[in-house]
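See structure below.
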Amino acid sequence: MILELPDTTTAKVAKELVNLREEGGAVALGRVLTLLISTTLGEEEVAIAAANEASREHPMRVIVLSVIEPEHSISNRLDAEVRVGGDAGASEVIVLRAYGKVGSDQQGLVTGLLLPDTPVVAWWPGTAPEKVSESALGKIAQCRITDSAAQSEPLQALNDLSRTYSPGDADFAWTRLTLWRTQLAAVLDQPPYEPIIEAHVTSTPDFPAAKMLAAWLQLQLQVPVTCDLTHTGLNWRGIHGVRLVRKSGDIELTRVEPTTARLKQPDQPNHDISMPLRSLRDCLAEELRRLDPDEVYGRVVTEGLPQIKMVTT
């Protein structure tokens, strides 16, 4: 069900939520967090769809805020939608569209709608503030999620992450690496236990997760790591492969299809491994599993990224 509330206030929205709860049962019971989504007008639905899917694992209240700046608006008003039931997955969704000066106090718009005594997560699926921890929504969130790949200059966005990082920050460039990191760690836990001499990451250009992976390898292995960007050899955007060099022979983990990677090791048969490209829903659901600061991510961002040079071939 979708309830439209044109030209309204947050107090009226909160009252409608109470009415819906009384009419349809305690819909807020079992909600484990509040997810704040800051997006732009017309781009809300992609983020809402991902949040609805993730809510099946993490029941939550979703508050979507779109602010239309005064220079792009001829009115000052707040339009809202409340979505419950089949239109909201296992969550309840509140969509706020703030026009003109009404959107100048983002924190005030959402504070009265937060679930009491539960964590608050802020997510910017598109353009993010320069320093999210000091933004209006970031100040009230325990976890702040950005997506450097969605920025106009993804690699520059990584540099900004390194410079502005604060505990509780997270970025989907890191989340997209979970399968790669897990597989590479598993390979190195198997014999022969021989030191890695150097490592190489290959990726399509402007894919920030590749530089993040190179930074992680450099910190973990303490060896030279290169990150090569190529325009050829892939029909999709993402990491092409990783090559770990050691004296007995190279370990190669290469994506051969959007859903499959191939592992090559000396004196062993090749293995095809399921490694699908991660969806927005997958990344969001994983970040919501842990709301405490990720110390490894923090080290990769602040210490590892500045050491990695990108080379275009």
Side-chain angles (χ1 to χ4, degrees), residues 10 13 33-44 46-48 50-51 54 58 60-73 76 78-80 93-116 118-175 208 212 280 283-284 287-288 290-295 297-298 300-302 305:
T10 52
V13 175
L33 60 91
T34 301
L35 176 65
L36 304 176
I37 303 177
S38 178
T39 184
T40 56
L41 187 66
E43 297 182 2
E44 302 97 338
V46 173
I48 291 173
H58 309 278
M60 56 189 163
R61 173 173 289 177
V62 179
I63 303 174
V64 184
L65 179 59
S66 300
V67 175
I68 298 83
E69 301 294 342
E71 59 267 26
H72 302 298
S73 175
N76 298 302
L78 177 68
D79 293 343
V93 178
I94 304 164
V95 182
L96 303 176
R97 299 183 178 95
Y99 295 84
K101 296 179 181 179
V102 174
S104 61
D105 183 12
Q106 296 186 27
Q107 194 173 118
L109 285 173
V110 303
T111 299
L113 301 173
L114 303 177
L115 289 174
T118 59
V120 177
V121 178
W123 174 32
W124 292 264
T127 303
E130 183 176 355
K131 189 170 185 179
V132 292
S133 62
E134 295 183 359
S135 66
L137 299 184
K139 288 179 179 179
I140 58 175
Q142 287 84 358
C143 179
R144 301 166 294 273
I145 305 170
T146 56
D147 189 354
S148 52
Q151 309 306 306
S152 58
E153 296 184 18
L155 298 182
Q156 179 58 45
L158 284 187
N159 295 334
D160 295 339
L161 288 178
S162 181
R163 179 174 49 84
T164 64
Y165 172 77
S166 181
D169 291 353
D171 192 90
F172 282 166
W174 177 249
T175 321
M212 196 84 80
L280 206 58
C283 292
L284 180 60
E287 287 297 339
L288 296 180
R290 55 168 302 164
L291 301 180
D292 55 317
D294 187 334
E295 295 181 1
Y297 168 76
V300 168
V301 168
T302 57
L305 285 178

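Along the sequence shown, the residues carry numbers beginning at 1. Keep in mind the model is a prediction, meaning the values are calculated, not measured.
Listed by chain and number, the residues in a side chain to side chain contact (heavy atoms under 4.5 Å, CB included) with Glu43 are Thr39, Thr40 (sequence neighbours excluded). Remark: Lys139 pairs with no residue by the side-chain hydrogen bond (donor to acceptor under 3.5 Å, both in side chains) rule, at least two apart or across chains. With sequence neighbours left out, the salt bridge (Lys or Arg N to Asp or Glu O under 4.0 Å) criterion links Glu130 to Arg163. Partners of Asp171 under the salt bridge (Lys or Arg N to Asp or Glu O under 4.0 Å) rule, at least two apart in sequence or in another chain, do not exist in this structure. In terms of the salt bridge (Lys or Arg N to Asp or Glu O under 4.0 Å) criterion, residue partners of Glu44 (sequence neighbours excluded) are, by chain and number, Arg97. By the side chain to side chain contact (heavy atoms under 4.5 Å, CB included) test, Ala149 is found to be paired with Asp147, Arg176, Pro208, Arg237, residues two or more places apart in sequence or in another chain being considered.
Atom CD in Glu287 sits 3.5 Å away from atom OG1 in Thr175 (nearest 0.5 Å). Interatomic distance, OG of Ser104 versus CG of Leu109, reported as 8.0 Å (0.5 Å rounding). Note that CD1 of Ile63 is 14.5 Å distant from CH2 of Trp123, once rounded to the nearest 0.5 Å. If you take SG on Cys143 and CG on Leu291, they are separated by 6.0 Å, rounding to the nearest 0.5 Å.
Residues Gly126 and Ala150 come closest through the heavy atom pair CA-CB, 4.2 Å. In terms of heavy-atom proximity, Leu284 sits nearest to Ala51 at CD2-CA, 3.7 Å. The nearest pair of heavy atoms linking Ile145 to Phe172 is CG2-CE2, 3.5 Å. Shown here for Leu113 and Thr10, the closest heavy-atom pair between the two residues is CD2-O, 3.9 Å. Val132 and Ser135 get closest at one heavy-atom pair: O-OG, 2.7 Å. Residue Val110 comes nearest to Leu96 through the heavy atom pair CG1-CD1, 4.4 Å, listed as atom of the first residue, atom of the second, then distance.
Under the 4.5 Å side-chain criterion, counting only non-hydrogen atoms from C-beta, Leu288 is in contact with Met60. With contacts defined as side-chain heavy-atom distances shorter than 4.5 Å, the pair Asn159/Leu305 does not qualify. Two residues are said to be in side-chain contact when any heavy atoms from C-beta on lie closer than 4.5 Å; Tyr99 and Leu41 meet this criterion. Leu161 places none of its side-chain heavy atoms less than 4.5 Å from the side chain of Asp169. A heavy-atom distance below 4.5 Å is found between the side chains of Leu36 and Ile140. Side-chain atoms of Arg144 and Ser166, non-hydrogen and from C-beta on, do get closer than 4.5 Å to each other. Between Val120 and Leu137 there is no side-chain heavy-atom pair separated by less than 4.5 Å.
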Run Met212 and Val301 through side chain to side chain contact (heavy atoms under 4.5 Å, CB included) and show every step you take. CA-CA 8 Å; Met212 196 84 80; Val301 168; 4.2 Å; yes
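Side-chain atoms of Gln151 come within 3.5 Å of backbone N or O of Ala128 as a donor-acceptor pair. Judged by distance alone, the side chain of Arg61 and the main-chain N or O of Ile94 form no donor-acceptor pair under 3.5 Å. A distance-only check finds no donor-acceptor pair linking the side chain of Thr302 to the backbone of Ser162 [under 3.5 Å].
Classified by interplanar angle (parallel below 30°, tilted 30° to 60°, perpendicular above 60°), the ring pair Trp174/Tyr297 is tilted.
Within 6.0 Å of atom CD in Glu153, 12 or fewer heavy atoms from other residues, nucleotides or ligands are found, so the atom counts as exposed in its surroundings.
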